[in-house]
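Okay, structure first, notes after.
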Amino acid sequence: MSRAAIFVLLLLVQNAWGQVSLSRDDFLMAALQGFGNRQNSWAWSMAWFNNQLFVGAIPAETCLTSAINNIQNPSSPYPPTDPDISCPPDISEVPPLLQGEIWSWSPVTSAWTMAFQSPLTVRVPAYPGVFTAPDDGFRGMGIFTEQDGTQALYASGSTAIQAWPKLPGARLLRSTDGVNFNPVPQDPGTFLGNLHTQSFRDFVTYNNNMYIVAADVAPLDSSPLGWELLQATNPEQGDNAFQVVSPPGMPVSEIATYNGYLYVGFRNEPDGFEVAYTDAQGTPPYTYTPVITNGGYKTYPNHEILSMTEFNGSLYLGGNGVRTGGPYAINGAELFRINADNSWDLIAGVERSTPDGPKTPLSGLGPGFGWHLNGHMWRMAVFNGCLYVGTFDESTIFRNDPQYAQAVAPELGADLWSSCDGIHFSAIDINGFEDEFNYGFRSLAVTPYGLFVGTTNPYYGLEIWQGIPPAATSLVKGLAQHH
């Protein structure tokens, strides 16, 4: 029996044991850090397709962010002052670093292959002779079954227009074999060609249509930035196959299908997020029925939803608790759930009064699972009957600050939490898998070969971890010693 076949058999046996959460000991490092490149800083997206795992990476993200801040406000320092971050000394050297990559992992060989690297084909008008790539990273990834039955992997691109606005907008790549990746058509003068968005995010399939979020849309006519929900029946056609279906002036952050409807999270910085649902019928923008408003009525509420996952018959919502301009003590991402009757519960957060009565966190945990610098409930996944939640932990940013270093030292690195009943949560790890520079668990993918977790590490490169049940763990460790 092959290595892969034995592994799958053991996973099936483990699944038959019932709902058992993975522990820290069940996770193994699955790839060379940064795929061998320190600048590969975010495992931004993951998907299982054609019996392979695909990971979308963004290189030099912190260098780009620092450049954006300096361009928009020259008093903001460039390069970054953090001694563990490596950026070129001049901003003009950043664009060539921004070649987004897609990597694939084969369970047959356990080998990683660069499936795609965005080419340096785009001139940067601000710097004569300098080129960058059309895709600086891949923010979302998933499979869509097209109208003729073709299954295609779509990767949501990102571009550096916030630094250099005259660059082309983000692209949407498509592959039917996991080897050849090509952008869907975005010809000038068409809807998609004129969209000029900074990035596309994750997408879902609902009623045989693709729904995808276009983030930081910067129209060529200089209209205000927007976060819009797009719909396409035939996304492979690009161009005019897409249309906006979200209400004007209501920025969209996250989407999910649940209970026969499309659920949408709307961003609202001052007043808190809103979650509403639609049957996506009629003429766009569709009718959206609110379920949670005002960020769940917390003082200083989470302003957007970053993750949505169905678990045990409810839809779980992970918030963004990072607030600009306020004290860090009020930060912390909250966790909610929507039930089949559209009632909602607070799972982790601050007790509060609402028009529906008092809401107490059912888990007994406060914002950020009890740590206010857990600013994002960044990604969620259901594996082997349990819910997993990965956070973004701001502690690492303050590790060298004389005022805060001692307080944050025990919490350095992102958290990974799990629950097998959706109420009682336990920490698998609160220190970035023993790497304080892993300040985010940014991507999760459920596969026949375990739960894969991708980190954000802008200091020394992203990490990929493979969580497999104990029976399979011993086998893989044994096989690793013979390879």
Side-chain angles (χ1 to χ4, degrees), residues 17-27 254 256 258 275 292 295-296 298 301-302 305-322 331-339 343-352 358-395 410-434 438-446 450-455 465 467 469-470:
W17 292 348
Q19 298 176 337
V20 179
S21 173
L22 297 169
S23 70
R24 173 63 187 90
D25 291 340
D26 297 327
F27 284 88
E254 184 68 339
Y258 169 65
V275 176
I292 306 178
K298 172 181 177 287
N302 286 192
I305 293 298
L306 295 175
S307 54
M308 292 184 177
T309 299
E310 183 175 354
F311 176 66
N312 276 2
S314 296
L315 182 64
Y316 281 72
L317 316 170
N320 179 355
V322 177
N331 282 8
E334 296 192 308
L335 185 65
F336 305 82
R337 75 177 181 192
I338 294 173
N339 303 307
S343 63
W344 63 273
D345 299 308
L346 176 65
I347 302 300
V350 174
E351 182 177 2
R352 78 285 306 267
K359 298 286 185 181
T360 301
L362 300 184
S363 70
L365 297 168
F369 291 124
W371 177 241
H372 64 280
L373 291 182
N374 271 327
H376 296 352
M377 300 290 185
W378 220 348
R379 278 295 175 266
M380 293 189 284
V382 178
F383 175 73
N384 200 23
C386 298
L387 176 66
Y388 294 81
V389 183
T391 76
F392 158 54
D393 190 335
E394 296 180 271
S395 302
E411 299 281 347
L412 295 177
D415 295 14
L416 184 64
W417 289 70
S418 69
S419 172
C420 295
D421 64 6
I423 295 177
H424 302 92
F425 282 79
S426 299
I428 294 173
D429 189 88
I430 63 169
N431 297 119
F433 285 166
E434 293 77 57
N438 284 331
Y439 68 34
F441 287 119
R442 180 59 179 83
S443 52
L444 303 174
V446 176
L451 176 67
F452 282 81
V453 179
T455 76
W465 291 79

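Positions are given from 1 along the sequence. Treat the numbers as computed from the prediction; the structure is a model and nothing was measured.
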Sorted by chain and number, sequence neighbours left out, side chain to side chain donor-acceptor pair (under 3.5 Å) with D421 holds for S419, H424

*Please assess N331 against H372 for the test side-chain hydrogen bond (donor to acceptor under 3.5 Å, both in side chains), listing each intermediate value before the final yes or no.*
CA-CA 5 Å; N331 282 8; H372 64 280; over 6 Å; no

Here the gap from K359 atom NZ to W344 atom CH2, rounded to the nearest 0.5 Å, amounts to 5.0 Å

So that I can tick it off, tell me whether R352 and E334 are bridged by a salt bridge, with the cut-off set at under 4.0 angstrom between side-chain N and carboxylate O. yes

In this structure, CZ of R337 is separated from CG of N312 (nearest 0.5 Å) by 8.5 Å

List the steps, then state whether side-chain hydrogen bond (donor to acceptor under 3.5 Å, both in side chains) holds for S395 with W371. CA-CA 10 Å; S395 302; W371 177 241; 2.8 Å; yes

**Under 3.5 Å: donor-acceptor pair, side chain of D429, backbone of N431** = yes

Note to self: Centroid separation under 6.0 Å, is that true for the rings of Y316 and F336?
What the structure shows: no

May I ask you to test the I338-V275 pair for a side-chain heavy-atom distance under 4.5 Å?
yes

> Going through the checks in order, is the side-chain contact (heavy atoms from CB on, under 4.5 Å) test met by M377 and L306?
Replying inline: CA-CA 7 Å; M377 300 290 185; L306 295 175; over 6 Å; no

Rounded to the nearest 0.5 Å, the CE atom of M380 sits from the CG atom of L315 at a distance of 7.5 Å

Taking the side chain as C-beta and beyond, is there a heavy-atom pair between V350 and P367 under 4.5 Å?
-> yes

Less than 4.5 Å apart, any side-chain heavy atom of I428 and any of S21? yes

Value for OG (S426) from CG (L416), rounded to nearest 0.5 Å, stands at 11.5 Å

Residues passing the side-chain contact (heavy atoms from CB on, under 4.5 Å) test with V382, sequence neighbours excluded, are T309, F311, L387

* Asked: Between S443 and V453, does a side-chain contact (heavy atoms from CB on, under 4.5 Å) hold up when you go through it step by step?
  -> CA-CA 6 Å; S443 52; V453 179; over 6 Å; no

Distance col, row D345:CG vs L362:CG, nearest 0.5 angstrom, shows 5.0 Å

TODO: Check step by step if side-chain contact (heavy atoms from CB on, under 4.5 Å) holds for L335 and L317.
DONE: CA-CA 6 Å; L335 185 65; L317 316 170; 5.9 Å; no

Practice problem: Give me the ring orientation class for Y439 and F392: parallel if the planes are under 30° apart, tilted from 30 to 60°, perpendicular past 60°. | Solution: perpendicular

The side-chain contact (heavy atoms from CB on, under 4.5 Å) partners of S343 (sequence neighbours excluded) come to N339, D341

Residue set satisfying salt bridge (Lys or Arg N to Asp or Glu O under 4.0 Å) with R442, at least two apart, ordered chain then number -> none

message: Evaluate N374 against D415 for side-chain hydrogen bond (donor to acceptor under 3.5 Å, both in side chains), listing each step before the verdict.
response: CA-CA 8 Å; N374 271 327; D415 295 14; 2.8 Å; yes

N384 side chain to L451 main-chain N or O, any donor-acceptor pair under 3.5 Å? no

Q) So, D393 and T391: side-chain donor and acceptor under 3.5 Å apart, yes or no? A) no

Contacts of F369 meeting ring pair (Phe, Tyr, Trp, His ring centres under 6.0 Å) (sequence neighbours excluded), chain-then-number -> W417, F425

**Message:** Between H376 and V322, does the side-chain contact (heavy atoms from CB on, under 4.5 Å) criterion hold? Intermediate values first, please.
**Reply:** CA-CA 7 Å; H376 296 352; V322 177; 3.6 Å; yes

* Looking at side-chain heavy atoms only, is the closest gap between S418 and F383 below 4.5 Å? -> no

Applying side-chain contact (heavy atoms from CB on, under 4.5 Å) to T455 and not counting sequence neighbours gives N438, F441, N457, L462, E463, W465

